[in-house]
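Okay, structure first, notes after.
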Amino acid sequence: MAAAKDPSNAAIAELLDELGDLYELEGAVVHRVLAYRNAAKAIRDAPRSVAAMTREGRVTELPGVGKTLEEKLTALVETGEIPALEKLRSRVPAGLVVITRLPGLGPKRARKLHDALGVDGPQALRAAIEQHRVRDLAGFGAKSEERLLAALDAAGDAVDGPKREILSRALAVGEALVAELRAHPSSDRVELAGSARRWADSVKDLDIIATADDPQALIDAFAASDLIAEISRSGVAGAHAIAQSGIAIDLRVVAPDQFGNLLQHFTGSKAHNVAIREAAVRRGLHVSEYGILDDETGQSERFATEEEVYARLGLPWIPPELREDRGELQLTEVPPLIEQADLRGDLHMHTTASDGRASVREMAQAARALGLDYVAITDHSASHGFGDAVSPDRLRELIAEVRAVDDELDGITVLAGSEVNIGVDGSLDYDDELLAELDWIVASVHTAFTSDPTARIVAACEHPLVDVIGHPTGRKLEERFAYDLDVDAAIAAALRTGTFLEINGSPRRRDLDDVHARAARDAGVLLTIDSDAHGPEALANTRWGVATARRAWLSAADVANTRPWEELRKLRKGAR
DNA sequence: GCCGTTTTCGGCCCGACTGTTTTCAGTCG
């Protein structure tokens with residue numbers, strides 16, 4: 001083991017992206033820059049620790065990582081830094097990378113501003129514009145100054161590109177808008193495309209692709225929707241708008257005979273499309289959003305459906321959730337993916353006994369209304385400290401209440417559980433005798449994130465009564481990164497001990513994420529999909545968990561709570 | 001910088017828009 005802490009895959013990917021940015025500013029050929037970005041993506045998508053793979057001499061197994069990058073990664077793992085990156089950082093001002101994020105300003109022109117005017121960041125750029133020194137540069141003009149100044153004003157202090165929005169908020173707008181457009185008399189097909197259709201964790205904007213008898217009427221209806229705050233661009237082919245919520249929305253109205261091409265193109269991902277096009281070129285086909293050009297015939301073919309687009313390329317129709325260039329183009333047959341209706345139970349939720357908003361009975365009734373066969377009530381344990389900590393005595397009362405509700409309600413099985421806090425030493429809050437009275441035990445890290453979460457989670461897996469690790473990495477989108485968990489080690493411990501790992505359905509968590517859930521499944525670990533609901537309406541949060549599971553290529557059999565409770569209880573490690 | 005059912009060298013997806021241009025480079029998605 002190395003003495004220093006290994007950098008995470010996300011941290012390594014960030015360094016390679018930075019290398020790409022800096023080489024680009026130095027004028028490197030685009031394909032060299034692209035090579036760094038491709039490698040960064042491959043490392044982000046890698047299920048295992050790339051630092052560990054580097055040490056084992058296996059890092060070139062990743063697509064896009066060759067000899068040169070292996071050397072750089074080896075240096076990083078052994079010394080904690082990449083010499084080439086350190087040199088570049090000393091040569092290229094950090095502010096130069098920052099101004100390339102301004103719309104309309106890329107690496108080439110940023111470099112020119114630096115070399116000719118000494119511009120090294122946003123402040124220097126503003127000064128140069130105000131002194132009208134930019135307009136005299138070749139390739140720049142008065143219009144450039146105007147637009148760059150506007151971009152600087154719009155960016156304010158944070159020149160940081162557009163913010164991403166978590167999917168639940170974006171879809172609330174996107175699904176409502178699609179429903180409105182579908183209800184319009186002149187609309188024919190209306191589909192959400194982009195990363196929202198792929199059910200990504202978060203999205204930058206929304207893309208809607210439509211066909212209509214009267215395109216202008218549909219575009220007018222779009223512009224007039226209550227959900228739209230302003231229209232920034234509008235024409236016969238579509239419109240670009242900002243929703244009341246602040247998210248950007250692009251509507252494209254297209255001819256019916258190329259709806260399939262457009263929908264496929266705008267669903268992405270970019271990496272998926274690039275991979276498709278590269279493979280197509282080898283077969284003499286050129287794919288664009290408008291059609292597929294066949295070298296042999298010189299004809300461009302348009303398709304009304306995505307199924308036809310994929311079929312023309314010799315591929316099965318690939319579900320949007322899989323379109324990330326993570327091996328889906330090698331599929332001859334698409335695996336059956338889990339669906340919402342496959343879930344039979346929900347094994348993680350809270351009531352007023354801890355920090356929930358509803359009673360045991362209300363939660364059970366709401367779950368029954370959603371069609372679930374069983375639920376586990378899993379309030380926080382004694383040391384969680386939300387003010388409503390469930391003491392051992394209180395837990396005994398709660399168990400009795402759950403049993404009473406279970407007896408009383410027909411059509412749903414209500415299980416007594418707990419979300420037990422994993423202490424800094426890996427111990428649990430309740431003694432084993434009390435824990436043994438429970439039907440279901442979720443163990444989670446809620447405190448002291450810097451105190452060796454890996455060792456604590458491994459210890460929890462080794463506890464004979466723990467069924468599942470809740471939200472294993474602790475990430476919260478828009479709020480905080482995952483704590484420093486060695487996911488490889490957690491998966492190995494779960495496999496060894498027969499512990500399940502959770503895909504938490506809270507839209508801010510979705511934890512495990514798609515990459516790690518896929519790694520867990522591939523290792524042979526069973527997953528659960530839970531709502532972590534704190535009120536009846538949040539039981540529907542399992543949809544985000546199902547989305548993550550689909551993005552992880554999971555089928556129903558890979559998820560423990562697609563089974564009837566009587567079958568699942570026999571899979572608990574305590575029952576075996 | 002990566003990679004190989006035409007290649008260990010010479011390629012590496014596709015098209016639109018913009019502003020500064022007499023035919024295009026840079027930027028973006």
Side-chain angles (χ1 to χ4, degrees), chain A residues 16-17 19-43 59-73 82 84-85 88 99-113 134-148 150-151 161-162 193-195 203-207 209 232-233 235 237-238 240 248-250 252 254 258 261-262 264-293 295 300 309 313-314 325 329:
Chain A
L16 294 195
D17 274 331
L19 270 167
D21 288 343
L22 295 176
Y23 278 129
E24 190 172 37
L25 278 164
E26 291 234 311
V29 294
V30 287
H31 295 107
R32 183 160 167 236
V33 175
L34 222 51
Y36 280 92
R37 302 213 168 120
N38 285 339
K41 173 186 157 28
I43 288 168
V59 77
T60 54
E61 288 174 19
L62 292 172
V65 178
K67 265 267 157 264
T68 307
L69 278 166
E70 180 178 37
E71 275 174 33
K72 291 184 160 74
L73 293 174
I82 302 172
L85 179 57
L88 278 166
I99 62 171
T100 63
R101 297 194 187 113
L102 292 168
L105 190 61
K108 295 282 184 357
R109 281 159 29 109
R111 184 77 212 178
K112 192 173 274 182
L113 289 168
V134 171
R135 60 178 59 186
D136 297 331
L137 248 48
F140 290 83
K143 201 75 171 264
S144 301
E145 284 190 342
E146 197 181 302
R147 288 170 63 102
L148 284 172
S195 44
V203 307
K204 187 165 60 62
D205 53 19
L206 293 169
D207 297 288
I209 311 291
S232 52
R233 207 170 56 234
H240 187 265
I249 308 176
D250 206 30
R252 286 177 169 258
V254 307
Q258 58 183 185
N261 301 94
L262 268 294
Q264 194 284 323
H265 172 78
F266 280 99
T267 297
S269 65
K270 184 180 167 104
H272 173 84
N273 286 350
V274 168
I276 273 191
R277 290 166 178 203
E278 284 172 348
V281 166
R282 283 178 235 126
R283 307 178 48 178
L285 300 172
H286 303 272
V287 181
S288 82
E289 58 261 60
Y290 305 105
I292 299 177
L293 174 69
D295 279 341
S300 186
V309 173
L313 299 170
D325 191 23
L329 296 181

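Throughout, protein chains are lettered first and strands after them, A, B, ... in sequence-line order, and every chain is numbered starting at 1. The basis for the numbers below is simple: all heavy atoms, side chains too, and nothing from hydrogens, waters or symmetry mates.
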Taking only the [atom1] atom of each, what is the distance from [N] to [M] in whole angstrom?
| N | M | atom1 | answer |
| --- | --- | --- | --- |
| B:dC17 | B:dG10 | P | 36 Å |
| B:dT23 | B:dC28 | P | 25 Å |
| B:dG1 | B:dT5 | P | 23 Å |
| B:dG26 | B:dT21 | P | 13 Å |
| B:dC13 | B:dT20 | P | 30 Å |
| B:dT6 | B:dG11 | P | 16 Å |
| B:dG15 | B:dT22 | C1' | 23 Å |
| B:dT7 | B:dC12 | C1' | 13 Å |

Side-chain touch A:Lys112/A:Lys108, heavy atoms, less than 4.5 angstrom: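 No - every pair of side-chain heavy atoms lies 4.5 Å or more apart.
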Sub-4.5 Å side-chain heavy-atom contact between A:Leu69 and A:Tyr36: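 The answer is yes, as the side chains (C-beta and beyond) meet within the 4.5 Å cut-off.
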[X] side-chain proximity, nearest of [options]:
| X | options | result |
| --- | --- | --- |
| A:Arg109 | B:dC14, B:dG29, B:dG26 | B:dG26 |
| A:Ser144 | B:dC12, B:dG19, B:dG1 | B:dG19 |
| A:Pro107 | B:dT20, B:dC13, B:dT27 | B:dT27 |

Looking across every strand, which nucleic acid part, if any, lies under 4.0 Å from [X] by heavy atom: base, sugar-phosphate, or nothing?
| X | value |
| --- | --- |
| A:Leu69 | sugar-phosphate |
| A:Phe266 | nothing |
| A:Val281 | sugar-phosphate |
| A:Tyr290 | sugar-phosphate |
| A:Ile276 | nothing |
| A:Lys72 | sugar-phosphate |
| A:Val287 | sugar-phosphate |

Are [X] and [N] close enough that a side-chain N or O sits under 4.0 Å from OP1 or OP2?
| X | N | answer |
| --- | --- | --- |
| A:His31 | B:dG1 | no |
| A:Arg147 | B:dG19 | yes |
| A:Thr68 | B:dC2 | yes |
| A:Arg32 | B:dG1 | yes |

Using a strict 4.0 Å threshold on nitrogen-to-oxygen distance, state whether [X] and [Y] make a salt bridge.
| X | Y | result |
| --- | --- | --- |
| A:Lys41 | A:Asp17 | no |
| A:Arg252 | A:Glu289 | no |
| A:Lys143 | A:Glu146 | no |

[atom1] of [X] versus [atom2] of [N]: gap in Å, rounded?
| X | N | atom1 | atom2 | value |
| --- | --- | --- | --- | --- |
| A:His265 | B:dG15 | NE2 | P | 10 Å |
| A:His286 | B:dC14 | NE2 | P | 6 Å |
| A:His272 | B:dG29 | NE2 | C1' | 16 Å |
| A:Arg135 | B:dG19 | CZ | C1' | 14 Å |
| A:Lys108 | B:dC24 | NZ | P | 17 Å |
| A:Leu62 | B:dG1 | CG | P | 18 Å |
| A:Arg277 | B:dG11 | CZ | C1' | 18 Å |
| A:Arg37 | B:dT27 | CZ | C1' | 12 Å |

Using heavy-atom distances to pick each residue's nearest nucleotide on DNA chain B, tell me which of A:Glu145 and A:Arg282 is more 5'.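 Going by which nucleotide is closer to the 5' end, it is A:Arg282.
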Would you kindly compare A:Gly66 and A:Asp205 by the position of their nearest DNA chain B nucleotide and give the one closer to the 5′ end?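 Nearest nucleotide further toward 5': that of A:Gly66.
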What is the pairing partner of B:dT8, taking Watson-Crick or G-U wobble pairs with both distances under 3.5 Å in any strand?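 With both distances under 3.5 Å required, B:dT8 matches none.
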Exercise: identify the closest heavy-atom pair between A:Arg283 and A:Leu313: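 Answer, listing the atom of A:Arg283 first, then A:Leu313: NH1-O, 2.7 Å.
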Please check if the side chain of A:Glu145 supplies one atom and the backbone of A:Arg135 the other of a donor-acceptor pair under 3.5 Å.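 At least one qualifying donor-acceptor pair exists.
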